[in-house]
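Notes for the one structure printed next.
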Amino acid sequence: MTEIDPANETAAPDQTPNGQPEDTSSNSGRIPKRDFDIPYRYEVTASTAEVTAAHGDIEDGAETGVSVSVAGRIMLKRDQGKLVFADLQDGTGRIQIFGHAKTTPDFDAFSSLFLGDWVGITGEVIKTRRGELSIRPSAWTILAPTQRVFPDKFHGISDQDTKYRQRYVDMWVSEESNTTLRNRSRIMSLTRRWLEDRAFMEVETPTFHGVASGAMARPFTTHHNALDMDLFLRIAPELYLKRLTVGGFERVFEMARVFRNEGISTRHNPEFTMLELYWAYADYNDIMELVENLVSHLAVEITGGTTISYDERELDLAAPWRRASMIELVTEQIGVELSVGMDRAELVAIAEAHDVEVKDYYGTGKIILEIYEKTTEGQLWGPIFVTDYPKEVSPLSRDHRSEPGLTERFEAIVAGRELCNAFSELTDPDEQLARFNDQEAERAAGDAEAMGMDLDYIRALEYGLPPTGGLGIGMDRLVMLLTGSTTIRDVLLFPTLRPEQVRDDSTGDS
RNA sequence: GCGCCUCUAGCUCAAUUGGCAGAGCAUCGGACUCUUAAUCCGCAGGUUCCGGGUUCAAGUCCCGGGGGGCGUACCA
């Protein structure tokens, strides 16, 4: 037993510490520093969930004779005078601590614990006469005395700002936040395991890119002093990952934090996590199967089934998902047959009839995409694979094997949101160079999101990229889907916010 | 970017038409040997986000600024 006494005789919580005339009743949100000997380690023998699982069914008033050591924070306290009931919460749940004047060492100090104090408790597992499974301390120690008052024990934090800025508090007082954020980690872990079981290998590629490419987005720019050069934070890991496929890594994936200098919304954060994977010898049909199988597997693991409810609507994630071409869906929606081979003027007329703004540099493919996004995408609930995007808007996708002007590319729409983007990869270096040149022309024409030219990538392709299927999944959105979160901030541990002026109350500095 | 909404005690929330800023929890003092957001008695706690203005009087109305939320645009 490595118990250390609370050793608080010199400064019981009801005294002013260090003789300071500090007013403990002042309403500053601060709790005066209390003087405890804090141990360097604490031997935990059970989580609260393990204690409950092992002893939850004993009879009211029973004693088990089993002693355990648990650790966590005091989250509730019911002081009865000679009896103090406290709820201890750890990463697995809560259990009641049964403090008793006759059996609990340093009972006065124990009954003076603050909500939020970290404690280690050793004691026998019992059940109270009223039937609450409890631990009756034979020894206890403070592991961290809180110096800040915890939020309302019943309402928690309702202010969104505080919730995201002080996530370390939100995680304790909001079971929903706690569960969602833990599920995020589980989803990441399950995804890795699922891919590794299928011979995919996790890799890490550079975050600093000399050219912003691999996606259409505005990049963040930074500067390296020693090399005296501007660098971009990556907007996608795509081109590096395909270099690895050229290099002979036949199945790779990366959980890539990517950065896009665009708006913030319930679905967008400037940095987010994208799973990208590349699978040599596979095409986009193989990738569709992979996606529907992965997502339905995760749904079962996280929610217990493939039918989930999101934003108060039902969604069945069981494979297989519907597959439909983009043009087919638009035709279905607006009742007009479209094709990339159409006369541009005719297409412009259709676009304008649907309030779609057409810029001068738009070709027929881009116009069709704009019409789809304006009229059709928002109507889709899914899950559905929208396939065969125009070549003009898909600079990294391989030409469709039978549909001229289109590519073998798909996006999955799930719960009305774009979940992933994938294609049979373009492998021909000359064709890729031509596509990059088209993008450069679009940039010159005013498209700030046009993809950057990457000549080393062209060189890599010249060494030979085998037929490859590639995929990018927005993991944050996947976590939102599986945890029922309607804002991306809820699935990010620390969402991007404006910097806060934190007052240092102890020194007056800021 | 733009539009709308919002900000009151540490936390959760009140405050009528512009008329003395209040309650619950937490804290502090006290009571209580089976509580479950324990209960009961008492004390204390405020830059009403910030800065101007109108007014006899501003949490409330007006102007400017800041934080946050939602919608919208770009995007995943």
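Chain letters run A, B, ... following the sequence lines, proteins first and then strands; every chain starts at 1. Because the structure is predicted, anything quoted here is derived from the model rather than measured.
- Proximity of A/Lys153 to the phosphate of B/C25: no side-chain N or O atom is located under 4.0 Å from OP1 or OP2.
- Partners of A/Glu377 by salt bridge (charged side-chain N to carboxylate O under 4.0 Å, His left out), not counting sequence neighbours: none found.
- With a 3.5 Å ceiling on both atom-pair distances, the Watson-Crick or G-U wobble partner of B/G71 is B/C2.
- Taking a pair to require two hydrogen-bonding distances under 3.5 Å in either a Watson-Crick or a G-U wobble arrangement, B/G64 pairs with B/C50.
- Both distances falling under 3.5 Å, in either a Watson-Crick or a G-U wobble arrangement, place B/G19 opposite B/C56.
- Nucleic acid contact class of A/Glu411 (heavy atoms, under 4.0 Å, all strands): none.
- Rounded to whole Å, atom C1' of B/A9 lies 13 Å from atom CG of A/Asp152.
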For residues 132-139 of chain A, which side-chain N or O atoms pair as donor and acceptor with protein atoms under 3.5 Å away, sequence neighbours left out?
{"residue": "A/Ser134", "atom": "OG", "partner": "A/Gln96", "partner atom": "NE2", "Å": "3.0"}
{"residue": "A/Ser134", "atom": "OG", "partner": "A/Glu132", "partner atom": "O", "Å": "2.9"}
{"residue": "A/Arg136", "atom": "NH1", "partner": "A/Glu63", "partner atom": "OE2", "Å": "3.1"}
{"residue": "A/Arg136", "atom": "NH2", "partner": "A/Glu63", "partner atom": "OE2", "Å": "3.4"}
{"residue": "A/Arg136", "atom": "NH2", "partner": "A/Glu124", "partner atom": "OE1", "Å": "3.1"}
{"residue": "A/Ser138", "atom": "OG", "partner": "A/Thr122", "partner atom": "O", "Å": "3.3"}

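- Closest contact between the side chain of A/Glu262 and the listed nucleotides B/U33, B/U27, B/C74 involves B/C74.
- A distance of about 8 Å separates the P atoms of B/C25 and B/C40, rounded to the whole Å.
- A/Leu83 comes within 4.0 angstrom of a base, heavy atoms only.
- Here, B/U16 and B/C70 have their C1' atoms 29 Å apart, quoted to the whole Å.
- Contacts of A/Asn269 with the nucleic acid, taken as non-hydrogen atoms under 4.0 Å apart, include base atoms.
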Response to the item:
Reading nucleotides 66-72 of chain B from 5' to 3' and marking B where a protein heavy atom lies under 4.0 Å of the base, S where only the sugar-phosphate is that close, and - otherwise, the string is -SSSSS-
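- What separates CZ of A/Phe150 from P of B/U12 is a distance of 14 Å, to the nearest Å.
- The residue A/Glu418 sits close only to the backbone: its heavy atoms come under 4.0 Å of sugar-phosphate atoms, none of a base.
- As rounded to the nearest Å, B/G18 and B/G52 have P atoms that lie 24 Å from one another.
- Across all strands shown, A/Gly131 has no heavy atoms under 4.0 Å from either base or sugar-phosphate atoms.
- Applying the side chain to side chain donor-acceptor pair (under 3.5 Å) rule to pairs touching residues 358-369 of chain A yields A/Lys366-A/Glu370, sequence neighbours excluded.
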Worksheet, complete the sentence: Quick tally for nucleotides 3-8 of chain B: nucleotides whose base has a protein heavy atom under 4.0 Å get B, sugar-phosphate-only ones S, the rest -, giving ------
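- Base-pair partner of B/G24: B/C11 (Watson-Crick or G-U wobble, both distances under 3.5 Å).
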Worksheet entry | Trace of the ring pair (Phe, Tyr, Trp, His ring centres under 6.0 Å) decision for A/Phe232 with A/Phe208 | CA-CA 6 Å; A/Phe232 299 106; A/Phe208 292 133; over 10 Å; no
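- Rounded to whole Å, the C1' atom of B/U55 lies 12 Å from the corresponding atom of B/C62.
- In this structure A/Arg260 satisfies the salt bridge (charged side-chain N to carboxylate O under 4.0 Å, His left out) test with no other residue, sequence neighbours excluded.
- Each of A/Met216 and A/Pro151 was matched to the nucleotide of RNA chain B holding its nearest heavy atom; the match closer to the 5' end belongs to A/Pro151.
- With 3.5 Å as the limit, one finds no donor-acceptor pair spanning the side chains of A/Gln89 and A/Arg73.
- Straight-line distance from the CD atom of A/Gln96 to the P atom of B/A37: 11 Å, rounded to whole Å.
- Separating the C1' atom of B/U72 from that of B/C11 is a span of 34 Å, rounded to the nearest Å.
- Residues satisfying the salt bridge (charged side-chain N to carboxylate O under 4.0 Å, His left out) criterion with A/Glu373, sequence neighbours excluded, are absent altogether.
- Rounded to whole Å, the separation between the C1' atoms of B/G51 and B/A44 comes to 31 Å.
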Discussion item. I'd like to know whether A/Thr486 forms a side-chain contact (heavy atoms from CB on, under 4.5 Å) with A/Thr266, so could you lay out the CA-CA distance, the side-chain angles of the two residues, the decisive distance to 0.1 Å, and finally the verdict.
Written reply: CA-CA 7 Å; A/Thr486 52; A/Thr266 52; over 6 Å; no
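- Among the nucleotides B/U27, B/U12, B/C74, the one closest to any side-chain atom of A/Ile157 is B/U12.
- Pairing of B/C34, defined by two Watson-Crick or G-U wobble distances under 3.5 Å, is not identified with any nucleotide.
- Computed from coordinates, the A/Ile74 CD1 to B/U27 C1' distance equals 17 Å when rounded to whole Å.
- Residue contacts shown for A/Lys77 are limited to sugar-phosphate atoms, with no base heavy atom under 4.0 Å away.
- With RNA chain B read from its 5' end, the first of the two nearest nucleotides for A/Gln80 and A/Phe85 is the one closest to A/Phe85.
- The residue A/Thr128 sits close to a base: some heavy atom pair falls under 4.0 Å.
- Rounded to an integer number of Å, the gap from A/Lys33 NZ to B/U27 P is 19 Å.
- On the C1' atoms, B/G19 is 10 Å away from B/A58, given to the nearest whole Å.
- Rounded to a whole Å, the CD1 atom of A/Ile97 is 14 Å from the C1' atom of B/U36.
- Across all strands shown, A/Gly81 has heavy atoms under 4.0 Å from base atoms, whether or not it also approaches the sugar-phosphate.
- Residues passing the side-chain contact (heavy atoms from CB on, under 4.5 Å) test with A/Asn293 are A/Trp194, A/Glu289, A/Ala319, sequence neighbours excluded.
- Taking the salt bridge (charged side-chain N to carboxylate O under 4.0 Å, His left out) definition, one finds that A/Glu238 meets it with A/Lys242, sequence neighbours left out.
- With P as the reference atom, B/C74 and B/C13 are 35 Å apart, rounded to whole Å.
- Considering all non-hydrogen atoms of both residues, A/Met480 and A/Tyr310 come closest at O-CE1, 3.3 Å.
- More than 12 heavy atoms of other shown residues, nucleotides or ligands fall within 6.0 angstrom of atom CZ in A/Arg184.
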